[in-house]
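Just so it is clear, the values below take in all heavy atoms, side chains as well, and ignore hydrogens, waters and symmetry mates. The shown structure was predicted, so the numbers you read here are calculated from the model rather than taken from an experiment.
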Amino acid sequence: MEANAQPRFEMLLLSIFATVALVLAAVGIYGVMSYSVSRRTHEIGVRMSLGANRKDVLVLVVRHGMMLALGGLAAGIAGALVLSRLMTKLLYGVHPTDPITFAGVAAVLSLVALIACYLPARRAMRVDPMVALRYE
C-alpha cells in the first residue's frame, strides 16, 4: 500500500492540474471569442442587414473560434508527443504515445472549445442590425 502512495499522489496531482488546465482553456477560449464578437459587432450587424441569417453568423463565429482552437490543439499534441517521454515512469500499462489517449484528449478539448465558442456565437446571433450599425 505504501509503495503505491507516491505514484498515486503524483497521479492525483496531475489529474488536478489537468482539470484546472481544462477549465482555464475553456475560460480563455470563451474570453477570446467574447472579445472577438464584441469587436466585430459592427461587422456582424452589416452582414445581418445585408441578408445573413442567424445560422450564418453562428457558423462564422464558431468556425473562427474552432480554427484557433484546432491550431492550438495541433501544437499541444505535437508538444505532448515530445514531452510524454518524460512521464514514462509514471505510466502503468499505457504507452507514452498511446493513440487512443491522444484521440480522447483531443476530442474532449475540441468539445470544450466548441462549447466555449458557441456561447459568444449565440450572443452574436442576437445582434440587432440597427443597433450594431449605430454601435461605435
Side-chain angles (χ1 to χ4, degrees):
M1 186 88 150
E2 247 178 69
N4 291 335
Q6 184 67 27
R8 193 175 278 184
F9 177 70
E10 290 172 354
M11 283 294 105
L12 176 66
L13 275 179
L14 285 176
S15 298
I16 291 170
F17 290 150
T19 303
V20 169
L22 184 63
V23 169
L24 284 174
V27 169
I29 293 169
Y30 173 79
V32 167
M33 291 311 301
S34 184
Y35 178 73
S36 174
V37 166
S38 71
R39 296 293 299 165
R40 296 173 72 184
T41 301
H42 186 72
E43 173 199 344
I44 292 169
V46 169
R47 287 176 184 270
M48 291 182 80
S49 66
L50 291 175
N53 59 22
R54 294 179 189 276
K55 182 183 174 199
D56 295 334
V57 172
L58 176 74
V59 169
L60 175 78
V61 174
V62 170
R63 182 184 306 135
H64 174 69
M66 288 306 292
M67 293 299 260
L68 293 174
L70 292 177
L73 187 63
I77 288 174
L81 285 170
V82 171
L83 295 175
S84 65
R85 303 281 182 213
L86 299 175
M87 292 181 47
T88 304
K89 68 176 184 139
L90 298 174
L91 301 174
Y92 301 104
V94 178
H95 194 267
T97 57
D98 182 37
I100 296 172
T101 303
F102 275 85
V105 169
V108 168
L109 287 173
S110 297
L111 181 64
V112 167
L114 184 65
I115 292 168
C117 291
Y118 175 75
L119 297 174
R122 196 177 69 186
R123 192 177 70 231
M125 287 181 353
R126 296 187 179 129
V127 168
D128 181 21
M130 292 306 292
V131 172
L133 292 175
R134 284 189 219 130
Y135 185 72
E136 288 196 32

Colleague: When you group the ILVMFWY residues by side-chain heavy-atom contacts below 4.5 Å and let the links chain together, are L73 and L81 in the same group?
Modeller: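 Same cluster: L81 reaches L73 through Ile, Leu, Val, Met, Phe, Trp or Tyr contacts under 4.5 Å.
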Colleague: Can L70 be reached from L109 by stepping across I, L, V, M, F, W or Y side chains whose heavy atoms are under 4.5 Å apart?
Modeller: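 Result: yes, single cluster for both.
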Colleague: Cut-off 3.5 Å, no hydrogens considered: what does the side-chain donor-acceptor table look like for residues 120-130, sequence neighbours left out?
Modeller:
from, atom 1, to, atom 2, distance (Å)
R123, NH1, S34, OG, 3.4
R123, NH2, S34, O, 3.4
R123, NH2, S34, OG, 3.1

Colleague: Verify side-chain contact (heavy atoms from CB on, under 4.5 Å) between L13 and E10, making sure each step is shown before the conclusion.
Modeller: CA-CA 5 Å; L13 275 179; E10 290 172 354; 5.7 Å; no
Colleague: Quick one: closest heavy-atom pair of D56 and A52, and the distance?
Modeller: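 Between these two residues, the closest heavy atoms are OD2-CA, 3.8 Å.
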Colleague: Assess whether atom OH of Y35 is packed by more than 12 heavy atoms of other residues, nucleotides or ligands within 6.0 Å.
Modeller: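 No, not enclosed.
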Colleague: Are L58 and L114 connected in a single hydrophobic cluster, I mean Ile/Leu/Val/Met/Phe/Trp/Tyr linked by side-chain heavy atoms less than 4.5 Å apart?
Modeller: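 Yes, L114 and L58 fall within the same hydrophobic cluster.
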Colleague: Count the heavy atoms of every other residue, nucleotide or ligand shown that sit under 6.0 Å from CG of L50, and state whether that count exceeds 12.
Modeller: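 Atom CG in L50 is packed in, count exceeds 12.
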Colleague: Go through it in stages, so that I can follow the logic: the residues are V61 and Y118, the test is side-chain contact (heavy atoms from CB on, under 4.5 Å), and I'd like the CA-CA distance, side-chain angles, deciding distance and then a yes or no.
Modeller: CA-CA 8 Å; V61 174; Y118 175 75; over 6 Å; no
Colleague: Taking T19 for its side chain and S15 for its backbone only, find out whether a donor-acceptor pair lies under 3.5 Å.
Modeller: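 Checking the backbone N and O of S15 against the side chain of T19, a donor-acceptor pair under 3.5 Å is found.
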Colleague: For F102 and P96, work out which heavy atoms get closest and say how close.
Modeller: CE1-O, 3.6 Å
Colleague: Transitively linked via ILVMFWY side-chain contacts under 4.5 Å: V108 with I77?
Modeller: yes
Colleague: Can you name the side-chain hydrogen bond (donor to acceptor under 3.5 Å, both in side chains) partners of T97, sequence neighbours left out?
Modeller: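 H95.
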Colleague: May I ask whether I115 and V112 are part of the same hydrophobic cluster, defined by side-chain heavy atoms of I, L, V, M, F, W, Y residues being less than 4.5 angstrom apart, directly or through others?
Modeller: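 No: no chain of side-chain contacts under 4.5 Å links I115 to V112.
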Colleague: Check M33 against C117 and note the closest heavy-atom contact, atom names and distance.
Modeller: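 So the two residues come closest at CG-SG, 3.9 Å.
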Colleague: With sequence neighbours left out, write down each residue that passes side-chain hydrogen bond (donor to acceptor under 3.5 Å, both in side chains) with N53, or none if nothing qualifies.
Modeller: none
